[in-house]
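A quick note: this is a predicted structure, and the numbers were derived from the prediction, not measured.
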Amino acid sequence: MIEVSVNNQNRTVAKAINLTDALLGWGYAERTAVAVAINQVFVAKSDYAHTILNSGDEIDIVQPISGG
Amino acid sequence: MIEVSVNNQNRTVAKAINLTDALLGWGYAERTAVAVAINQVFVAKSDYAHTILNSGDEIDIVQPISGG
Amino acid sequence: MIEVSVNNQNRTVAKAINLTDALLGWGYAERTAVAVAINQVFVAKSDYAHTILNSGDEIDIVQPISGG
Amino acid sequence: MIEVSVNNQNRTVAKAINLTDALLGWGYAERTAVAVAINQVFVAKSDYAHTILNSGDEIDIVQPISGG
Amino acid sequence: MKMLKDKQSAHQDTWRVYGTELSSRLFIGTAMYPSPAVMQAAIKASGAQVVTLSLRRQAPESQSGDQFWQSIQSMGCELLPNTAGCHTAKEAVALAQMSREIFQTDWIKLEVIGDDYNLQPDPFGLLDATEQLIKLGFKVFPYCTDDLVLCQRLQDLGCEVLMPWGAPIGTGKGLMNPYALEVLRARLPEAKLLVDAGIGKPSDACQAMELGYDGILLNTAIAQALAPETMASAFADAVSAGRKAFHGGMMPARHLAKPSTPTLGTPFWHEQNQ
Amino acid sequence: MKMLKDKQSAHQDTWRVYGTELSSRLFIGTAMYPSPAVMQAAIKASGAQVVTLSLRRQAPESQSGDQFWQSIQSMGCELLPNTAGCHTAKEAVALAQMSREIFQTDWIKLEVIGDDYNLQPDPFGLLDATEQLIKLGFKVFPYCTDDLVLCQRLQDLGCEVLMPWGAPIGTGKGLMNPYALEVLRARLPEAKLLVDAGIGKPSDACQAMELGYDGILLNTAIAQALAPETMASAFADAVSAGRKAFHGGMMPARHLAKPSTPTLGTPFWHEQNQ
Amino acid sequence: MKMLKDKQSAHQDTWRVYGTELSSRLFIGTAMYPSPAVMQAAIKASGAQVVTLSLRRQAPESQSGDQFWQSIQSMGCELLPNTAGCHTAKEAVALAQMSREIFQTDWIKLEVIGDDYNLQPDPFGLLDATEQLIKLGFKVFPYCTDDLVLCQRLQDLGCEVLMPWGAPIGTGKGLMNPYALEVLRARLPEAKLLVDAGIGKPSDACQAMELGYDGILLNTAIAQALAPETMASAFADAVSAGRKAFHGGMMPARHLAKPSTPTLGTPFWHEQNQ
Amino acid sequence: MKMLKDKQSAHQDTWRVYGTELSSRLFIGTAMYPSPAVMQAAIKASGAQVVTLSLRRQAPESQSGDQFWQSIQSMGCELLPNTAGCHTAKEAVALAQMSREIFQTDWIKLEVIGDDYNLQPDPFGLLDATEQLIKLGFKVFPYCTDDLVLCQRLQDLGCEVLMPWGAPIGTGKGLMNPYALEVLRARLPEAKLLVDAGIGKPSDACQAMELGYDGILLNTAIAQALAPETMASAFADAVSAGRKAFHGGMMPARHLAKPSTPTLGTPFWHEQNQ
């Protein structure tokens, strides 16, 4: 198991898990209007399956919100 | 004959002439959109006939013009 | 006795009293830097002796104060 | 002989001449309150003697002037 | 009592001036246009329901007065004759009476000029003339300064409308003293207040309306624009904008910046950033 | 290439932003409204065709993002996602890419904040992020200062649109430095210039448009008004007024008063008055 | 006729007020100081040669008036009593006469207040009181508005000095309408003009003097400063600065930048740079 | 380390600039005077202890540089050479080094011009040049914009002094954006801040000092005045006034009028007046 940070919350995930599975595990499977960055680098949806999480990764998952 | 001033021009008119006749003589008979003051005092149309001109009267005859 | 107002305070004074005596009675004898108006009309020092108070007089007695 | 530019004026000097000699030739020998840059790079007085001019060098020689 | 033809329904932002209901809050002058056709197009584009005009001496043979008069009448606007050029109460009273006879209206834009340099109202002559004219049955629209005491006196005499200047006539300097105009609005809540004179840009008119003014009277800024018709439309929009802003409750200005986008959940922020 | 549905006929005052034709010149933010319904009413009243929005972290169980997203999509406006809250080029580039994926648009309102006190753009980070994003194919709408050199550099990098601030975000102070904004307009005639941030009153927006700005972006002044829908309409009018004023050729301000009513033939003047 | 002790030599910038020669152009009020000692220190630091003061009702047992009066007399300044608080010409005339008797001066700072909200002069009452007082032999220093017609009338009545407000008393807003003040200066070149009321900062006083005003009268901005003595010195410097600037012929503002350092011979410029 | 001859005693308002103690807060330029004699008189009247000057190409036969140089040296002021006319960091670094060799000072007023229209600093080139010069041992006085992020970066690089513009060089427009200058002062409390460029009137200089600025640098407003010596004295007074005002704690502006003369005991008020 490794530790990562998801939206600034600590999470424990299986070693070598990919992003698709991780999002599934965190409950984001149903959501389409989200996007992801790891360590402040954007990860495209098409890259989720072959993106392997590493210990200490800081993952941002964002959704639309109002803005000025 | 007496001297009066009409719109700052000197004019000679018959003694004891009334305003109706004076305006006729000056060519204003056809004009409706004019008004008159004598010595800076307004004279209503209804008073023309019994308004007698005096020597030295300063008569203003005005018409509509654009304004701001 | 008559009633007068001194600086917006009611006072009773003898009938036909003059201003000199009235000021004396009110305790202003020692003060030089004062001036007086009665009913919003200035009364010069030289007129105090022959100024007779009337019932209902409104008397203002003023002194120097700071000002802008 | 080589061509150089001195304060935006074309000058011809001997090949391999050093800056000391060049300034002497251009009449700057007597002047103390001057400073020099070659190709927008400052050349300190102490380096004049061993600074050899190259063809095409752009030399700026400046003096004090009023400024805001 | 006057009544405009195109009466506004109650839910619209109409207002009453001496008993006449108006939907437009822009009064417009008729002078200084490149041509009568441009004037008519500009008045139409402005949406104004009230136009100002004046009287001048005429030679008997001149037809220009009649022609101008007919072209204005065809617009169907309320007429607001002025007493421009008068320097004394006596002159202004006489000219007002001549105006009433010709234009058949008891409305008068009362100008008593006190100085030929800044063309400002003479507070003393203005008050005198106002008193006389109200006794003669006029509805006075005084062109006045932004002096609260003067304005209070004019209101006390019976003026329902007050028209303080923004800046000297024809300068286009806008609102020289917004504070004074604000004080007038605060202290004379019942008065119909129009800024008359000095407006140069639509943003000036908008600003006056934001302060709660009831309307704007202008002439030069439209008539002397490169394209008067376009500018008239610009001023119509600006007056509308300012009026809505006054009703809509503008945000107060703040000294410190404040994000509009929510800050909760800002990405990339991590514990160790602290 | 984008194409709005309600395409404007040629004679109207439409304009193009990165190839998209627009008829409205008011861009509006979606934050800080009392309710989604008020937001929708305000957007509609503003006539805006472009709305800004953003991205924030979400918990998986939260539905608020989807709901907001659907309510915005139903408006049929162009989307202009922002990078509000980013303090470095790296953050802004990542957030811009996330925006593109979610919102399916290559438009990005680029904010790289340089100071948390005045929320001003960081000229250095902004230039860096702009360069990266343009290489990645974005159409950048930079939120920038009124610094001409910065604006010139942004344009040189490929920005067709520049959005200098009027005043710090959320202050409503209006145009703090109109001279600087004028210089930008004069020196960058090809740029599409919008004032973004600091607009508090419709007269502020009108003033910016009078200077020749192409548009206005604002949020707080509408969302935080007492009546946002009314205020949105006020701003729509003000932007229209300022645009027409720019086209209509405003009179220059004069130092001296000048009568609007003709002086020739002024009554009551006699020889002996002289 | 009055004569100051420290008479200035001819080459200095002295001036005459109703026959009294002064070297200082700052008049200062005596109210609102934290203590009499601070007041005295501030007056001294200001360099003022004229101080204002007033009259109020007193109870016979009170000694405060005498004490104040003695402390002021010890300063050796010219006294300028005011009629603060008067709302009618009648009140002001009576108070002026009382002042003359007590203070043994025919100088009077004439205040006839027209509104308790902005404490502005009542132009009508002021003119009336001025006329009465001049007939009674007073030298009137009218606290007036910036209305040119009013000021002209006051001068016509015999006022050698006019004291228009900059802003309402005690607000410290500075010059609300510099244009109006400029017009007064231009149109009344013979008048001694002082800005009275509204000055908040030394830069306000400096600005008024730059316009060609002859002096400044203030009270609150010094008395209510954290350090009145320091502030008094600041105002003395500011008045001096503005006066010298008026004499020194200030550069006109330009719209375009212009290098101060000579551009001829700028290094590093070469033919190929062109 | 430098040390001025006329060292100030501790109780005076002296300050330190890169280790040099100064009593004057006015820096003055040496260009554009009608004559060298006028320049010398103006510098003396200004009380300035620091003067700016520059370098330009010279022909070997010209003696003007030496003459100017000697006349400046005789003044006994600190020298602050500028890099006026430089458009790149490279040029500015070279010119700074030439200045150091000639003027024997490591002080440099760093100008890297980014635009020939408004002569504004190039934030990017300025930052680059500053970094290089500090590494070379210079004490940099950067002529910068009022951009807080830029100023913060310059300070971070080691600038003890920052010199934001008030307005473009030579315009005399005063402080174009006082808010931005205030923000700089609030956010950079340790920096020595001077307003450089754009000052036209003594009241402008006074205003900047009131904001808490440490000093003023100017040239055109004195050199191009009708009477430069008088104007130099005016600016000296104005800087002094503004400094004292900053120390003296100015009253805050109020929105409502407030009597300065006490209202208690106002005469003529009676019960029935109520």
Give, as side chain, backbone, both or neither, the part of [X] having an atom under 4.5 angstrom from any heavy atom of chain E.
| X | answer |
| --- | --- |
| F/N82 | side chain |
| F/T266 | both |
| F/I113 | neither |

Q. With no hydrogens and no angle check, is any side-chain donor or acceptor of F/E210 less than 3.5 Å from a backbone partner on E/S203?
A.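 Such a contact is found between F/E210 side chain and E/S203 backbone.
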
Q.
Would the distance check show the side chain of F/R56 and the main-chain N or O of E/P267 forming a donor-acceptor pair, the cut-off being under 3.5 Å?
A.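 No, because the side chain of F/R56 does not come within donor-acceptor range (under 3.5 Å) of the backbone of E/P267.
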
Compare every heavy atom of [Y] with every heavy atom of [X], then report the nearest pair and how far apart it is.
| X | Y | result |
| --- | --- | --- |
| E/A31 | F/S260 | CB-O, 3.2 Å |
| F/A225 | E/G248 | CB-O, 3.6 Å |
| E/Y117 | F/A257 | O-CB, 3.5 Å |
| E/I169 | F/P259 | CG2-CA, 4.1 Å |
| E/G172 | F/A253 | O-CB, 3.8 Å |
| E/M250 | F/P202 | SD-CD, 4.0 Å |

Proximity breakdown for [X] and chain F, heavy-atom pairs closer than 4.5 Å:
| X | answer |
| --- | --- |
| E/P228 | neither |
| E/L55 | backbone |
| E/I222 | neither |
| E/H87 | neither |
| E/M209 | neither |

Under the criterion side-chain contact (heavy atoms from CB on, under 4.5 Å), which of F/T220, F/I199, F/T171 is the partner of E/M251?
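Among the candidates, only F/T220 passes.
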
Find the one option among E/A227, E/A197, E/A234 whose heavy-atom pairs under 4.5 Å with chain F are most numerous.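 Looking at each of E/A227, E/A197, E/A234 in turn, E/A234 comes out on top.
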
Taking every non-hydrogen pair under 4.5 Å, which of [options] racks up the most with chain E?
| options | result |
| --- | --- |
| F/S240, F/A84, F/P168 | F/S240 |
| F/P262, F/A241, F/G170 | F/A241 |
| F/Q224, F/E111, F/M32 | F/M32 |
| F/T263, F/T30, F/T261 | F/T261 |

If I take atom [atom1] from residue [X] and atom [atom2] from residue [Y], how far apart are they, to the nearest 0.5 angstrom?
| X | Y | atom1 | atom2 | value |
| --- | --- | --- | --- | --- |
| E/L95 | F/F268 | CG | CZ | 5.0 Å |
| E/H255 | F/N118 | NE2 | CG | 10.5 Å |
| F/K173 | E/R254 | NZ | CZ | 10.0 Å |
| E/F246 | F/K201 | CZ | NZ | 14.0 Å |
| F/D116 | E/L256 | CG | CG | 12.0 Å |
| E/L264 | F/R57 | CG | CZ | 10.0 Å |

| message | If only side-chain N and O atoms count, and only distance matters, is there a donor-acceptor pair under 3.5 Å linking F/S233 with E/K244? | response |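 There is such a pair (donor and acceptor under 3.5 Å, judged by atom type) between the side chains of E/K244 and F/S233.
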
message: Which residues pass the side-chain hydrogen bond (donor to acceptor under 3.5 Å, both in side chains) test with F/S99, not counting sequence neighbours?
response: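 Listed in chain order: nothing, the list is empty.
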
For F/D115, enumerate each residue passing the salt bridge (charged side-chain N to carboxylate O under 4.0 Å, His left out) test, keeping only those at least two apart in sequence or located in another chain.
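Scan of F/D115 (salt bridge (charged side-chain N to carboxylate O under 4.0 Å, His left out), adjacent residues dropped) gives H/R187.
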
